[in-house]
Amino acid sequence: DAGVIQSPRHEVTEMGQEVTLRCKPISGHNSLFWYRQTMMRGLELLIYFNNNVPIDDSGMPEDRFSAKMPNASFSTLKIQPSEPRDSAVYFCASSGTGHSGNTIYFGEGSWLTVV
Amino acid sequence: EDQVTQSPEALRLQEGESSSLNCSYTVSGLRGLFWYRQDPGKGPEFLFTLYSAGEEKEKERLKATLTKKESFLHITAPKPEDSATYLCAVQAGASSASKIIFGSGTRLSIRP
């Protein structure tokens, strides 16, 4: 089984540029999560979707961040305009029902550096 | 507010020296508690899910236990390859679509 697939794996961009991170969840999973990880704050939940619908976006830091899930197999996290303090690893994760219950499975992350 | 606290922040052990990592939580209506392992440069890798107090799960040198207030990850006779950050997470609430929140992790280092 393919796991959660994220792209790009690494991105370096200049302050003020738009950044789009992409995620393909595990096939059949109906929940998708975006997390941000930094040394200072650990893993923070930004937003999560259930059946393609945003359920809780209270973790989205500000209006510069937006996320979409147009269908069950694709999601994007966009930052516009980007700032140096957005530098972090962004993880996408998904979970389903059935034997795995609510266990979430992570992608390998998108390493973002804003200079 | 739901909260997950892990201790210690870092732990250095000699190979073969058994120990335990702690995850304490305050949530309303626990649906599940999860343990993950994270290696540098990688995403968290799922280890265990525990659903109710008294439950235990084992995998190789690791055993996870759960009470109403905390969970322990016991590591028996660890090896250097067990070095990683171990993350605890909880899901709480009435819905299976409730969010999952993570603790800050324990960095485990095993010396040969």
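Just so it is clear, the values below take in all heavy atoms, side chains as well, and ignore hydrogens, waters and symmetry mates. Sequence lines set the chain letters: A, B, ... in the order given, protein chains first and strands last, and positions in each chain run from 1.
A side-chain donor-acceptor contact under 3.5 Å links B/S20 and B/H74. Defined by atom type and a distance below 3.5 Å, a donor-acceptor pair is present between the side-chain atoms of B/E70 and B/N22.
The six-membered or imidazole ring of B/F102 lies near that of A/F106, with a centre-to-centre distance under 6.0 Å.
If you measure heavy-atom distances from A/Y35 to chain B, the contacts under 4.5 Å come from the side chain alone. Heavy atoms of A/R9 lying under 4.5 Å from chain B belong exclusively to its side chain. Looking at A/T38, neither its backbone nor its side chain comes within 4.5 Å of chain B, counting heavy atoms on both sides. For a residue to count as touching a neighbouring chain, one of its non-hydrogen atoms must lie under 4.5 Å from one of that chain's; by this rule B/Q38 touches chain A with the side chain only. Contact of A/I104 with chain B is made through backbone and side chain together, with heavy-atom distances under 4.5 Å. Proximity to chain B (any heavy atom under 4.5 Å) is shown, for A/Q6, by neither the backbone nor the side chain.
Taking 4.0 Å as the cut-off between side-chain N and carboxylate O, B/E58 and B/K63 do not count as a salt-bridged pair. Salt bridge status for B/R12 with B/E17: absent, with no side-chain N to carboxylate O gap under 4.0 Å.
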